[in-house]
Structures are given as structure tokens and as C-alpha cells.
> 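Structure incoming, see below.
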Amino acid sequence: MTSYFHDIARIPFHGPDTAAPLAFHHYDKDRVVLGRRMEDQLRFAVCYWHTFCWNGFDPFGGETFQRPWFQGGSPMELARLKADTAFEFFSKLGAPYYTFHDRDVAPEGATPRESHENFLRIVDVLGEHQQRTGVKLLWGTANLFSHRRFMAGAASNPDPAVYAMAALQVRDAMNATLRLGGENYVLWGGREGYETLLNTRVGQELDQLGRFLNMVVEHKHKIGFKGAILIEPKPREPSKHQYDFDTASVYGFLVRYGLEKEVKVNIEANHATLSGHSFEHEIATAAALGILGSIDMNRGDPQLGWDTDQFPNNLPETALAMYHILLAGGLGSGGLNFDAKVRRQSIDPADLFHGHIGAMDLCARALLAAEKMIADGQLEEAVKARYAGWDAPEAQDILGGRVPLEALANQVLARNVDVAPVSGRQELLENLVNRFCGA
């Protein structure tokens, strides 16, 4: 059988002066940026679900992508064909990593045992492809939101039997991630929330989630998994309200259940904007709280109010995201996973390459812009100067808890001098960022 991408060669690096559409113009994986190869700084991953599972369906129309692995064989035969095609794509694109949900790679069976066995068989297939190609697993996860049993949540479900079904899937997905050498494990709670408070015990559902996540951490240590456990925040969709609304909400949850040293966040750009934040806000917040783990790189449509999962194309926004990632010391075992999909009218095999090539080139340009910002130092110096007053010994005494409220108030009365504000110089700094993002 002819491969799906038979007429597409491995994507080369041609440099910025070429017009070739199936080539990288800026992503030069061996270029050294801040002491590391560009490939090692960016750690790109291709997601299995949008790239090989979505069929183009939307609420007003059905399938537009007529991929050969969607029909024409048994579910397991099609799963193997999908895996063959996926690794052909990863290899030709030159992506070092991939990511998956359990149900992306293996079909749901008629019983829990059949689903379990289907998954184990496909994990063997994935392992063979990884060994053959050198492509690695950035992270695995379990789909706890698509099946109707999870319509009222998985770990937050009012039925303990559904909770147990979720535990089976997560146990299997964690074991598979370890077996495949995965570097992280992600939990996304799309149904972990509510539609109405009329039928919801918020406190109980939070306790259920807290216990479930503790079990995940306990299992991580039991099996010897060394990667990070990551929660992916999102405010809503498909639930009206999700408990993991944003990074700050996740951190409060982790502290309440004693997990702030065990769990980090996987931040998605489109989820950040849905929560009313900027992408860089969520990254900077996670870094400040010590829970920055990995990134789902995409974008939303500013005219739409839902998760459109488009490939990133805004250089200044992506450059600021990369700047804050670099300031935080990088992503460690995390990476940049393209949780993005081509539009439902982009039906040709080459369109999958165009989407990823453009996104990888954009992230490379953003990394180089962030490198310039750091080397120049003006942004960092402006922030340092703005907070310089807190370096004084008396200010350090305040932060250290050595000055009570009464004493601090009396100091103001004793000085009896008003304080003049200082310009934040936002426009100057924005202009500076734009200059670094120029050609």
C-alpha cells in the first residue's frame, strides 16, 4: 500500500532566503542558542489527536478529512495503520517528540479488559516505531472526557464506579508512558467541573480530585517513573466551569491537597486566553510559583470564544512567551507540543506539514528574538530598576516579617513626606520588544 505521505520528502532546512513551502526557513535544529542546540531548547512534539484522529467534524457538519485509517478495516488494523502513518509524519517533519491520549492510539473495546488489551498491543507497536525512528514520547495521557460514561466527570464523577474506570485508564496510560520512555505524564480535566450547581457538591468533587491526584503521584513513585506529573489548566469547554481554571487555581488546589512539590502545569496558549489571561501571564505565574512544566503551543481566534486550537502565528506574543520560559531556566523535561489542528478545509496531506512547518519556524524566530532580549538586557534592567527599592535593608526587613503593621504605619507618619509615582514606561518597553521581533 502506498504511504499517505509518499510524495513528501523529509523536510530540510533551507534558510530564510528560500521560497520553498516544504522547508524550514528559521528552524535550524543544530544552531546553538544560549548554549544549547535549537532542537534541545524547543523540544517540539506533534500531538496524535488533532493530527491523526480529528476527522474535520464540527457541530454543523461531518467528516471532511477522508484519511485511510478512518475506515476500511478492523479497529486494530486501522490503529496500526494510523501508527505507521504517524511515525512517517514525525520522521519526515523531523519532530523529536510526540504526545498521545490512550484512546488516540488504540480503540475502545466492548469491555474494560478488551480496551486494556487493545492498548497494550498498540503500545508494543509504538515502541517498535520509536526504536526504529528515534522519535521519543514527550508525554502520555488518558482520555477521560470523550466516552459518555465521563459526561459528569471522571475523578469528580458522582459515581465511584466511573471514578474507578478512570483509575484503570490512568494506571494503564502511566505504565505505558513509563514503558515508552515518556518524559512527563499529563492530566487534562475537560469534564472535571460542572454545568450547574443545582446538582453539584463542589467540596466533595474537589476532595475526589485531590485524592485521585494523590493516587497518581503515589503510583508514579511505585513504578519508578521519573518524569513530571502535569495538570493542564483550562477555564471551560466542554464543562461550563472547570476546577483547573488557570495556573493560580491549580496552585491553590495543589497546596490544599499537599501536592505543590509533586505536580506542575502544562500551559496551553489558547486555554490561557480563554481564562482571560495572556499566554506569557500564565507562564510567568507558573514560573513564579515553581510549577512551570511544559507547553501546549497553539493560538485561539480573537473573534471567537472557544478553543480553536490553531497553529501559532503571532511573533511578538510567542517571543514574549519564549522570553519568560528562558528567564525561568527552560522547561526541563517539558517541551513545546503543538496541540493544534489544520482547518477543516485543509484536506490535503501536505497541509499537515504546512501547519507544523510554519509553527516550528515561528517558534524558532521567537526563540531567537528572546535570545536578543536577554543578551541586550534592557528589559531585565528596567524591571530590576523598578523594584530596586525592595533591595534596601529596611524593605528586606518588611518582607522578612520583622516590621509589624503598626510600626510601618508609624514610620510614614514620622517621615510625613508624600511619595511621588514613577513611570512604568510600558510603551517604551513594548517598542523595544517589537524591535527585537523585526527582521
Side-chain angles (χ1 to χ4, degrees), residues 3-5 43-57 63 65 67-70 75-108 115 118-147 169-170 172-188 190 227 230 232 266 268 294-298 307 309-311 334-342 349 351-353 355-356 359-360:
S3 73
Y4 190 62
F5 302 113
R43 293 168 59 86
F44 288 134
V46 176
C47 80
Y48 220 93
W49 53 100
H50 286 323
T51 313
F52 303 104
C53 300
W54 187 49
N55 63 9
F57 172 88
E63 174 183 316
F65 304 144
R67 316 291 196 202
W69 54 89
F70 287 165
M76 288 298 287
E77 289 172 342
L78 295 175
R80 290 187 180 91
L81 175 59
K82 180 163 56 174
D84 294 345
T85 307
F87 277 86
E88 180 189 6
F89 180 82
F90 304 151
S91 298
K92 288 186 171 180
L93 181 66
Y97 291 97
Y98 74 110
T99 56
F100 70 78
H101 300 85
D102 53 353
R103 298 300 185 252
D104 299 336
V105 298
E108 181 103 21
S115 297
N118 286 348
F119 183 48
L120 292 184
R121 286 198 291 271
I122 293 298
V123 167
D124 287 341
V125 173
L126 298 178
E128 293 168 0
H129 280 303
Q130 287 186 207
Q131 186 173 17
R132 176 179 56 82
T133 63
V135 176
K136 296 173 286 187
L137 179 64
L138 184 65
W139 51 257
T141 188
N143 181 330
L144 304 179
F145 48 87
S146 292
H147 196 282
Q169 281 190 235
V170 170
D172 284 356
M174 290 183 71
N175 290 353
T177 299
L178 174 65
R179 182 175 170 186
L180 294 170
E183 300 186 20
N184 308 272
Y185 184 82
V186 168
L187 298 109
W188 176 64
L230 307 174
E232 183 173 324
N266 180 55
E268 179 177 316
S294 194
I295 297 295
D296 270 10
M297 185 63 77
N298 61 13
D307 196 7
D309 286 330
Q310 294 169 255
F311 285 96
L336 302 184
N337 173 53
F338 291 114
D339 189 352
K341 57 190 177 186
V342 296
D351 293 325
L352 293 170
F353 282 94
H356 285 86
M360 293 165 77

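Given the structure is predicted, the values throughout are model-derived calculations rather than measurements. Worth knowing before you read on, the calculation uses all heavy atoms, side chains too, and leaves out hydrogens, waters and symmetry mates.
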> Applying salt bridge (Lys or Arg N to Asp or Glu O under 4.0 Å), can you list everything that pairs with E183, at least two apart in sequence or on another chain?
R43
> For N118 and E108, indicate whether the former's side chain and the latter's backbone hold a donor-acceptor pair under 3.5 Å.
no
> What is the distance from atom CZ of F44 to atom CZ of F338, rounded to the nearest 0.5 Å?
4.5 Å
> Keeping N266 on the side-chain end and L230 on the backbone end, is there a donor-acceptor pair under 3.5 Å?
no
> Please name all residues satisfying side-chain contact (heavy atoms from CB on, under 4.5 Å) with F70, sequence neighbours left out, ordered by chain then number.
N55, E63, F65, R67
> Hey, which of K136, Q130, H129 is the one that makes side chain to side chain donor-acceptor pair (under 3.5 Å) with Y98?
Q130
> Given the rule in the side-chain contact (heavy atoms from CB on, under 4.5 Å) test, do M360 and L93 qualify, once you have shown the distances and angles that lead to the verdict?
CA-CA 10 Å; M360 293 165 77; L93 181 66; 3.9 Å; yes
> V342 and H50: side-chain contact (heavy atoms from CB on, under 4.5 Å), yes or no, with the steps?
CA-CA 8 Å; V342 296; H50 286 323; over 6 Å; no
> Assess the side chains of T99 and N337: does a donor N or O sit below 3.5 Å from an acceptor N or O?
yes
> Looking only at heavy atoms, what is the nearest atom pair of V125 and A83, with distance?
CG1-CB, 4.1 Å
> Got a sec, which residues hit salt bridge (Lys or Arg N to Asp or Glu O under 4.0 Å) with D172, two or more places apart in sequence or on another chain?
none
> As an exercise, state the distance from CD of Q169 to OG of S115, rounded to the nearest 0.5 Å.
7.5 Å
> Sequence neighbours excluded, which residues qualify as side chain to side chain donor-acceptor pair (under 3.5 Å) partners of D351?
none
> For E88, give me all partners under salt bridge (Lys or Arg N to Asp or Glu O under 4.0 Å), at least two apart in sequence or on another chain.
K92
> Could you work out, with side chain to side chain donor-acceptor pair (under 3.5 Å) as the rule, every residue matching N298, not counting sequence neighbours?
E268, D309
> May I have the step-by-step check of side-chain contact (heavy atoms from CB on, under 4.5 Å) for M174 and V170, ending in yes or no?
CA-CA 6 Å; M174 290 183 71; V170 170; 3.8 Å; yes
> Could you report the tightest heavy-atom contact between F119 and V105, atom names first, then the distance?
CE1-CG2, 3.7 Å
> Using the ring pair (Phe, Tyr, Trp, His ring centres under 6.0 Å) criterion, which residues pair with Y97? Sequence neighbours excluded.
none
> Specify the closest pair of heavy atoms between S91 and V135, including all atoms of both residues, with the distance to one decimal.
OG-CG2, 4.3 Å
> Testing the basics here: between A106 and I122, what is the closest heavy-atom pair and its distance to 0.1 Å?
CB-CG1, 3.9 Å
> Could you pull out all residues at least two apart from N175 that satisfy side chain to side chain donor-acceptor pair (under 3.5 Å)?
H219
> Hey, can you tell me if F90 and F52 have their rings parallel, tilted or perpendicular (30° and 60° cut-offs)?
perpendicular
> Just verifying a value: how many Å separate N184 CG and W139 CH2, rounded to the nearest 0.5 Å?
9.0 Å
> Report the distance from atom CG of L78 to atom OG1 of T85, rounding to the nearest 0.5 Å.
10.5 Å
> Listed by chain and number, what are the ring pair (Phe, Tyr, Trp, His ring centres under 6.0 Å) partners of H101, not counting sequence neighbours?
W49, F145
> What I'd like to find out is whether the side chain of L180 reaches to under 4.5 Å of the side chain of F100, using heavy atoms alone.
yes
> Working to the nearest 0.5 angstrom, can you tell me the gap between M76 CE and K82 NZ?
11.0 Å
> Which heavy atom of G334 sits nearest a heavy atom of S294, and at what distance?
CA-OG, 3.5 Å
> Could you tell me the separation between the CG atom of L126 and the CD atom of Q131, rounded to the nearest 0.5 Å?
13.0 Å
> Can you list the residues that meet the salt bridge (Lys or Arg N to Asp or Glu O under 4.0 Å) rule with R80, with sequence neighbours excluded?
none
> Can you name the residues that form a side-chain contact (heavy atoms from CB on, under 4.5 Å) with T177, not counting sequence neighbours?
L137, Y185, F225
> With sequence neighbours left out, what residues match F5 under ring pair (Phe, Tyr, Trp, His ring centres under 6.0 Å)?
F89, F353
